[in-house]
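Excluded from the calculations below are hydrogen atoms, water molecules and symmetry mates; all remaining heavy atoms, backbone and side chain alike, are included. For clarity, every value in this text was computed on a predicted model and none was experimentally measured.
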Amino acid sequence: MNQKTHEQAELAGGRRTVCAGCGAVAEGTLPTWTCSVENGERRYFCDACARENIRAIEGRLDSSWW
């Protein structure tokens with residue numbers, strides 16, 4: 001699998017995390033944000049987006065569905 005681990009992404013300089021839902025920007029990966037892998041791509045969601053869509057996330061629905 002060619003996907004970078006979280007640690008590799010951090011070392012590669014990916015310090016800014018962007019919410020895939022609303023576009024909010026955070027410095028680094030916040031422990032309260034949710035991470036999802038969709039179609040082999042790691043996507044992060046801020047607290048608000050994760051709370052708003054928790055049932056869909058737990059049901060493992062892609063964010064394009066919700």
Taking all atoms of both residues into account, what is the closest heavy-atom pair of [X] and [Y], and its distance?
X: C22; Y: C46; result: SG-SG, 3.7 Å
X: C19; Y: F45; result: SG-CA, 3.7 Å
X: T34; Y: A50; result: OG1-CB, 3.3 Å

*Verdict with reasoning, W33 to T17, per side chain to side chain contact (heavy atoms under 4.5 Å, CB included)*: CA-CA 10 Å; W33 282 36; T17 304; 3.7 Å; yes
*Please assess E41 against V37 for the test side chain to side chain contact (heavy atoms under 4.5 Å, CB included), listing each intermediate value before the final yes or no.*
CA-CA 5 Å; E41 182 181 331; V37 177; over 6 Å; no
*Between CZ on residue R42 and SG on residue C35, distance to nearest 0.5 Å*: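 One gets 4.5 Å once the value is rounded to the nearest 0.5 Å.
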